[in-house]
Number of protein chains: 2
Amino acid sequence: MRWNQMWLNYALAEKKGQCPGKEYFSHVFCPEMTAVTGSAVKELQRFAKEVFGMDCRVNEHEEKEGRGIVLRLSDDNNFGQDGFCIFGEGDTICIGAHTENGILYGVFELIRRIMRGENPENIYTKQTPEFKYRMLNHWDNIDGSIERGYSGRSFFFENDNILFTERLEDYARLVSSIGINQVVINNVNVRGKAAFFITDEYLGDIKKYADLFAKYAIKLFLCVDFAAPITVGGLETADPLDETVKKWWKECVAHIYSVIPEFGGFLLKADSEGRPGPFYYGRNHADGANMLADAIAPWNGKIIWRCFVYNCKQDWRDGSVDRAKAAYESFMPIDGQFRENVILQIKNGPMDFQVREPVSPLFGGLLHTNQMLEVQIAQEYTGQQIDVCYLVPMWKEILSFHTCCCEGRDTVADIVSGRTFGNTECGIAAVANTGNDANWTGNDLAAANLYGYGRLAWDSTLSADAIAREWCECTFGCEKKITDSVTEILRMSWPAYEKYTTPYGIGWMVTPHTHYGPSIEGYEYDAWGTYHKANHVAIGIERGPEGTGYTSQYNEPNAAMYREIETCPENLLLFFHRIRYDYKMKNGKTLLQNIYDLHFEGAEDVEKMICLWEALKGELPEEVYARVRERFDRQYTNSKNWRDIVNTYFYRMTMTEDEKKRRIYD
Amino acid sequence: MRWNQMWLNYALAEKKGQCPGKEYFSHVFCPEMTAVTGSAVKELQRFAKEVFGMDCRVNEHEEKEGRGIVLRLSDDNNFGQDGFCIFGEGDTICIGAHTENGILYGVFELIRRIMRGENPENIYTKQTPEFKYRMLNHWDNIDGSIERGYSGRSFFFENDNILFTERLEDYARLVSSIGINQVVINNVNVRGKAAFFITDEYLGDIKKYADLFAKYAIKLFLCVDFAAPITVGGLETADPLDETVKKWWKECVAHIYSVIPEFGGFLLKADSEGRPGPFYYGRNHADGANMLADAIAPWNGKIIWRCFVYNCKQDWRDGSVDRAKAAYESFMPIDGQFRENVILQIKNGPMDFQVREPVSPLFGGLLHTNQMLEVQIAQEYTGQQIDVCYLVPMWKEILSFHTCCCEGRDTVADIVSGRTFGNTECGIAAVANTGNDANWTGNDLAAANLYGYGRLAWDSTLSADAIAREWCECTFGCEKKITDSVTEILRMSWPAYEKYTTPYGIGWMVTPHTHYGPSIEGYEYDAWGTYHKANHVAIGIERGPEGTGYTSQYNEPNAAMYREIETCPENLLLFFHRIRYDYKMKNGKTLLQNIYDLHFEGAEDVEKMICLWEALKGELPEEVYARVRERFDRQYTNSKNWRDIVNTYFYRMTMTEDEKKRRIYD
């Protein structure tokens, strides 16, 4: 299968002639050639060839012979680990950095700017990434399937084998171009032969991946099975305090590093949704993580430990349990007990990647523990890359949320950048949305989420619109009409999806298991702790002090804000409170009427997005146009299903008519 | 895996010494030895050996040397095709019949009676089966799975192969012993390699099956893919009026009969749930069935054509379509257009094997077409052989339903026995509940349904209790305590299941796809045409003249009875009518209070059944006791889930309290 190059789509840029600065690409001088700066040079050469049809010569010496590009490593460590500057210096465009990685990122920034029509002469920029760890988590299974994958099958694995295709290098180029520096290639649910990645059966192949990734400044991580001492090692136990277990992991890790000296470390999902973990042995998560951390510390490896721990065998009849409280309850008591090379990876919200959730109270709760934010690019609950849903605005809201853990520098971005606590082991991780579809992401517009994630992970102050425009121009060319329309579609998309799906943060009205399309009571009596308890009069779980007490997990004044219905943000009203349908909201309409209105609006918004897209017919490559158009058909059907089923559900429940007398099926 | 012998469980009979008449088993005389009478003799010998520990000699001549058994074919064709008589004649127990099949059935009847303690000297019985075709449909797939199978995997197929195990002969003995004379070995949904059963790739193996079955008086049938001319034959079309298609089927059938002269015919599911059929070519079902009937007629083969045809891509918003009406609408206009060797196989109800449905109006509607009743022994919607649900009482209600198609002889049993229209091609078919579990049927008590089906198919006037006692005594021995308790459990089980699941015939409140456990709105907005439209005030689909008009498919006075709420049987009230929760039912309580009451009662009934079972500990083989006890645990959990979820659903919807203030979760 052929595949496209997403935002590194030079063929279109060449065709459109949108790139200035051709004259600088006659030669490049790179005094310190390494694997990574070598990739940087190759990227410049490829760009020159494909966009300008010219060979970019590599100079051995810094000659003065007209315009050129210089890649210069500098002693100036103000750039930080991965930072760079780009500036014109006479005839030369100079990219300076303190590390080879910085050079590579600088080159991609230069290319991106030229792709967008910026004359390199005028570029002056100095950048340091905001987050140290900018990670992708792939939920790819060794059988070639992808958990919550919506864009084909894995290009890493198939049929218990590790794949080697040309696509792998394109993958590395693409994610490196947006600053990703860590990749976990396998699913957090480690099943079947994937448990044996840490053995010689697979390590040789994995080393080849690590080497290829290293050329693009990417560290490779693996998910491991906490029970690997049993499943792989043949021991009787995986108890983290057992000496034979400790010894087994030490030897396992030593062996991995003997094969892959640049290995990054492990990501673990433990004691969650059926995965084994320390609880089984009466240990806590610090016991589990620290044992692995001690094993891997000699090689400077990291243990990334997910906080997605809750009771997934809940009884809906038992109102005393609140899933939203689970992660905080598990991890707060052990704040400060983790090794320095352990990082807790915390999902953005307390539930699971719903279209709207409050920020997890672990952010601002944990004061003495390394933390990473986990978001989901894969649109599991947000339209599955059938529906357009541009998630950058959501992630920006999360990153800019004030946790009130201290005076100033208290946002999630502050915490996971290290600004709050001065720690260095922190960052941001995201579940990737890629697969082996020709366009990588199923819906072409879903690529904006992958791109945007990388850009936000580099600089969370970039605006969602600016990122959308960047992505659009690199992908589709610099015509204003295209950029304006696509950006408008992206801007509308998350609010539209939220409008036509679950209202006011209540979540979970999706079809069980698949998580696409409406099933209002699909999770209502299930074991997952995801209930709305709608009755004839009211809906929602009360999470204030009179209810489950979840609001008290937040620092003040957030706790008070969420606790009081009057101050609770309305878009989270039904997450925090049980509310009567006749409750008057700030716009003067009842909750119920707002639910009706939102659902009609949401489906109308989809029609508007379709109109915007249809106006681009002829402006975009026909293949792209048609592919997205087909997805919009499905999105439109989906939005109408949501609209009608949600509205009918509440109409049947309340027998209250829509004020505007629109069609609600009875 | 070892397996037991269900009601042919001679080991237990031997142990308990419950069988009289040992002296008659010294010898058997069978003047006309054929394949089938040979099986009859073998059955007597096996019984003698296993129960009395003696060899039953086969006499060459009718000697007078003390007590013995004589199997005698007679010219008296009052016995009918499969009938027999058993009577004592001096020292001899004589089994007489007009056909070899009759001899075999007589032997099994003799054994059954002796197993139950009846002295053979006192037996005088003359029997003719009520239904000519007594068929089992196995929904076994060629990969070894069983569609809606709840007792292990297939013992016919595995991994695209036809299996040959000792179990196969036990299977033939077991079903023959209850009078089954036709078996369809593969799923009506013909998938994968199963389409190639009709080719040389499989016909050799299938012939071996047919030969084995023939020894037990069983004809083998196959399900075929209506599109086989394309999928198997490589033609461009499967249009039943296309000459190349007709020719292809003729040659296909001729070849089958050249290999298997005793082949029974085909069973087809066409134009249903995604299966191909004549509609695709603009033809009707008579066109489709008759084309096959013409191909198979020269060999006296039969085409059994299912009437389970409906739109499974319905839009819940479109109230103009009523799935209940579909089969009647498809088949009534072509009544009388089918060949004589076509038999329409009609599901008992208009929907799909729910715990309570009215009888299909095709019975009594069709006046000029051969018909078979189809019931489901496999407990797809009735507890999946986890929950006990003795279905014989349901089948008896169906068989004794007066269709009012004529004066007298108007019951379903009359129609499918041939008494109503004098036709010969008719009978009864059932989806089997067997698999390769040691006990064949998952729940040991589910074997009563298989047994009971065969017995009813032989004589629909047998009472449900009498059948239960027969089955129980043959299976567990003749202790009255066991028989009384097990019969009481069986008697309670269908009413209990109905009480704790969907009320008053409304159906479909089950978990989608799996069909076990409650999901009140699981099918509510789906495409299957299965809606209850519960709102704050009322529930149900109005199927009278003001509604979908379904009631008019019945003959008068049934149509009037169902049309009027006052005369509609209450157990079908919500099938036929939309009813307010405050409607006063005949017992003076509201519909809603009755729903609450039934659900509490249903779960209590399960507790009572468990008590009855527990009192048998020590009386039954420990393995059987424990296996059923474990199922009861699961049934109890299931019944509580149903009780609580149904009650909570209606409580939330109506906000009306239970009069008796029992616990309903909010």
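Order of the sequence lines fixes the chain letters, A, B, ..., with proteins taken first and strands second; residue numbering starts at 1 for each chain.
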Undergrad: Got a salt bridge between B:R317 and A:D644, using NZ or NE/NH1/NH2 to carboxylate O under 4.0 Å?
TA: yes

Undergrad: Does the pair B:R652/A:E524 count as a salt bridge with the N-to-O cut at 4.0 Å?
TA: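 Looking at A:E524 together with B:R652, the answer is yes, because their closest N to O distance falls below 4.0 Å.
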
Undergrad: When you look at CG of B:D666, are more than 12 heavy atoms from neighbouring residues, nucleotides or ligands closer to it than 6.0 Å?
TA: no

Undergrad: Is it the side chain or the backbone of A:T648 that comes within 4.5 Å of chain B heavy atoms, both, or neither?
TA: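 Contact with chain B is through both the backbone and side chain of A:T648.
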
Undergrad: Can you confirm whether B:D315 is buried at CG, in the sense that more than 12 heavy atoms of other residues, nucleotides or ligands lie under 6.0 Å from that atom?
TA: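 Yes.
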
Undergrad: Show every donor-acceptor pair shorter than 3.5 Å between a side-chain atom in residues 601-608 of chain B and any protein atom, with sequence neighbours excluded, or say none if there are none.
TA:
unit_1	atom_1	unit_2	atom_2	d
B:D605	OD2	B:K499	NZ	2.7
B:E607	OE2	B:Y636	OH	3.3

Undergrad: Counting only heavy atoms closer than 4.5 Å, note whether A:N641 contacts chain B via side chain, backbone, both or neither.
TA: both

Undergrad: Which atom pair, heavy atoms only, marks the closest approach of B:W316 to A:Y665?
TA: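 What the structure gives for the nearest pair is CZ3-CB, 3.7 Å.
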
Undergrad: If you look at every heavy atom in A:M653 and B:H536, which pair is closest and at what distance?
TA: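 Heavy atoms only, the tightest pair is O-CB, 3.5 Å.
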
Undergrad: Which bit of A:Y651 comes within less than 4.5 Å of chain B, counting heavy atoms only: side chain, backbone, both or neither?
TA: neither

Undergrad: For chain B, which candidate among A:N535, A:I645, A:T654 shows the most heavy-atom pairs at distances under 4.5 Å?
TA: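 Heavy-atom pairs under 4.5 Å are most numerous for A:I645.
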
